[in-house]
Amino acid sequence: MIRFEAVHKWFKDLHVLNDINLHVKQGEVVVVCGPSGSGKSTLIRTINKLEPIQKGRLFVDGKDMSDRKTDINRLRAEIGFVFQQFNLYPHLTAIKNITLAPIKIRKLPKKQAEEEAMALLERVGLADRRDSYPSQLSGGQQQRVAIARGLAMKPKIMCFDEPTSALDPEMIGEVLQVMQGLAHTGMTLMVVTHEMGFAREVADRVIFMDYGVVLEEASPEEFFRNPKHERAQLFLKEILSPMH
Amino acid sequence: MEGGLDFGVIWTNLTYFMVGRYPGGPMGGVLLTLYLAVVSLIISFFGGMILGLMCVVRNPLIRYPTVAVVNLVRGIPLLLVIFWMYFLLPFVMGRTTPESATVIAALSLFTSAYMSQIVQAGIEGIPKGQTEAALSTGLHPWHAMVFVVLPQALRNMIPSFVNQFVSMIKDTSLAFIVGVSELTQVATQVNNRTMIYPAEIFLFIAIVYFIICFAFTTLSRWLETRLAWRKAI
């Protein structure tokens, strides 16, 4: 579904992605973790070309993202994307946030788009907030609307870039539950997160990055019980018991 | 005149101040001032929008020439732009153009240039995440601009727009230099004829300008609250 082949990216002199080789299969749930500045957000943003890559090849759903001839807008509709800062449109209500792309791109009639959007809002448990503006919603609710928006184009893949990092602790659960529900539908998920509980329970595979390099790639059981790379051991120690 | 102001001169010439020789003759006074202002306002709203968008497009062949023209116009006194239009427009059009048209052209060009900077700043002031979110749902870049960025940017631009327009309303008084009989010109005429009431006349037109501008700011504040959605974050 997603295949990185020797992908490199630089920000000026900074080598943010260094020889990435990854393959995410259909229906797989992959969690990417690592310290801040490790390149994990950049990695996930290359998947829908919010960040272009400079070297190597990147295939999504069989199409070459690095090829100029690829219709990037069409391909982006196949990839739902959820941001750390939600990025809901503040001037539109929850339901209009969701229906904008289906109406403009898939040319759905307004009524049908709204019916589909309501189904999505129900799925994330926010059917009663359809006419609320983002500023009237809590962080957790905003992020759930953002997930519904990401699902509105019926994507094959969902990408999450630290979806819970900007949330109050007590709102993290509601978002993770929605994501877990998605994983159970068999959708391909790629998640950048520090929620190790989510990784342990939901992920099929954990990827650990630092310095723009994939240092470790393992099943969650193995990654948490027996991390091989020294940097990963340190990271896990810090994140699981930050006081020691 | 023995002490105090005598506003009788205003009352006797009130129709002339308000509408000039209209409807029997050409428009003048306040009516012409409003006409110049409203027409230039509409043109420069769209002109500023188009120029502003041209200043933010990726294509350097569009962006840099636009930025150059905008900076050129901004670096010239409005009075000179009016002179240019006065002498150039008939030459370019190949026939005589009414003075009011030259003033409208000058005001529109000048205000569009300033407006384009407001539009550009407004667009650049919207967080990048908004465009990214729109693009990630498969919207085309121009969809993202029209349906996501511009509606938010426009609302933020309203105060600056109003500022610019108020300043333009007052700048219509410069039309008097090319003989357009708007309010200031009419006031000068009446003053030249009556000779002894300059204080009354120029105080009166100052108040009229103030009322027009104040009404406009009030209207826009009302518009702003009506367009208000609660801002996120």
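All values below were derived from every heavy atom in this structure, side-chain atoms included, with hydrogens, water molecules and symmetry-related copies excluded. All chains are named by letter (A, B, ...) in the order of the sequence lines, taking the proteins before the strands, and each is independently numbered beginning at 1.
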Open item on the list: How about OH on B:Tyr22, more than 12 heavy atoms from neighbouring residues, nucleotides or ligands closer than 6.0 Å, or not?
Closed with: no

- [ ] For chain A, find its close neighbours in residues 110-142 of chain B: heavy-atom separation under 4.5 Å, sorted by number, or none.
- [x] B:Gly129, B:Gln130, B:Glu132, B:Ala133, B:Ala134, B:Leu135, B:Ser136, B:Thr137, B:Gly138, B:Leu139, B:His140, B:Pro141

Task: Residue A:Leu50 versus chain B: region with a heavy atom under 4.5 Å - done: side chain

- [ ] Name all pairs fulfilling the ring-ring contact (aromatic ring centres under 6.0 Å, His included) condition that reach into residues 152-186 of chain B, sequence neighbours left out, sorted by first residue then second.
- [x] B:Phe45-B:Phe161

Task: Neighbour count >12 (heavy atoms, 6.0 Å) for atom CZ, A:Phe11 - done: yes

Task: More than 12 heavy atoms from other groups under 6.0 Å of CZ on B:Phe202 - done: yes

Task: A:Glu28: partners by side-chain hydrogen bond (donor to acceptor under 3.5 Å, both in side chains), with sequence neighbours left out - done: A:Arg205

- [ ] Give, for atom CG of A:Asn73 and atom NE2 of B:His143, the distance between the pair rounded to the nearest 0.5 Å.
- [x] 9.5 Å

- [ ] Report, as yes or no, whether the 6.0 Å neighbourhood of atom NZ on A:Lys96 holds more than 12 heavy atoms from other residues, nucleotides or ligands.
- [x] no

TODO: Flag yes if more than 12 heavy atoms outside A:Gln180 fall under 6.0 Å of its CD atom; otherwise flag no.
DONE: yes

Let me have the donor-acceptor pairs involving side chains of residues 59-83 of chain B, under 3.5 Å, with sequence neighbours excluded, atom names and distances please.
| residue | atom | partner | partner atom | Å |
| --- | --- | --- | --- | --- |
| B:Asn59 | OD1 | B:Leu61 | N | 2.9 |
| B:Arg63 | NH1 | B:Val57 | O | 3.2 |
| B:Thr66 | OG1 | B:Ile62 | O | 2.5 |
| B:Asn71 | OD1 | B:Arg74 | NH2 | 3.3 |
| B:Asn71 | ND2 | B:Val67 | O | 3.2 |

Task: Heavy-atom pairs under 4.5 Å with chain B, option from A:Tyr89, A:Phe83, A:Phe86, A:Phe81 with the top count - done: A:Tyr89

- [ ] Count the heavy-atom pairs under 4.5 Å between each of A:Arg149, A:Arg74, A:Arg106 and chain B, then report the option with the highest count.
- [x] A:Arg149

